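Predicted model only: the values in this text are computed from it and were never measured.
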Amino acid sequence: MDPRPEEPENPDTDGPVPHPDHHIQIPGAPSTHPPEPPMVPSSGAFGTFWSMYGPTSVLVAVGLAIVIFVLGGIGS
């Protein structure tokens, strides 16, 4: 037996693929984990959302109402 490893017939071909030095913790496919059930917002979640975005939502709604009123007046 020859102790040297086999050399490829074509010297331009790549050798064996080495094992990677790192591993990522991402599953191979979405089917490897069961799907998560949909989240149903609770009243506490609505309160938190309103406390964070309520004033901005009101300002945006008022601005849209004004724009619709002005554009409606122009069209008449």
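In the hydrophobic cluster analysis, where Ile, Leu, Val, Met, Phe, Trp and Tyr join through side-chain heavy atoms closer than 4.5 angstrom, Ile74 is grouped together with Ile66. By the rule that hydrophobic residues join a cluster once side-chain heavy atoms approach within less than 4.5 Å of another member, Phe49 and Met52 end up as members of one cluster. Hydrophobic clustering (ILVMFWY, side-chain heavy atoms < 4.5 Å, transitive): Leu59 and Val70 are in distinct clusters.
With rounding to the nearest 0.5 Å, the separation of CG in Leu64 from CZ in Phe69 is 15.0 Å.
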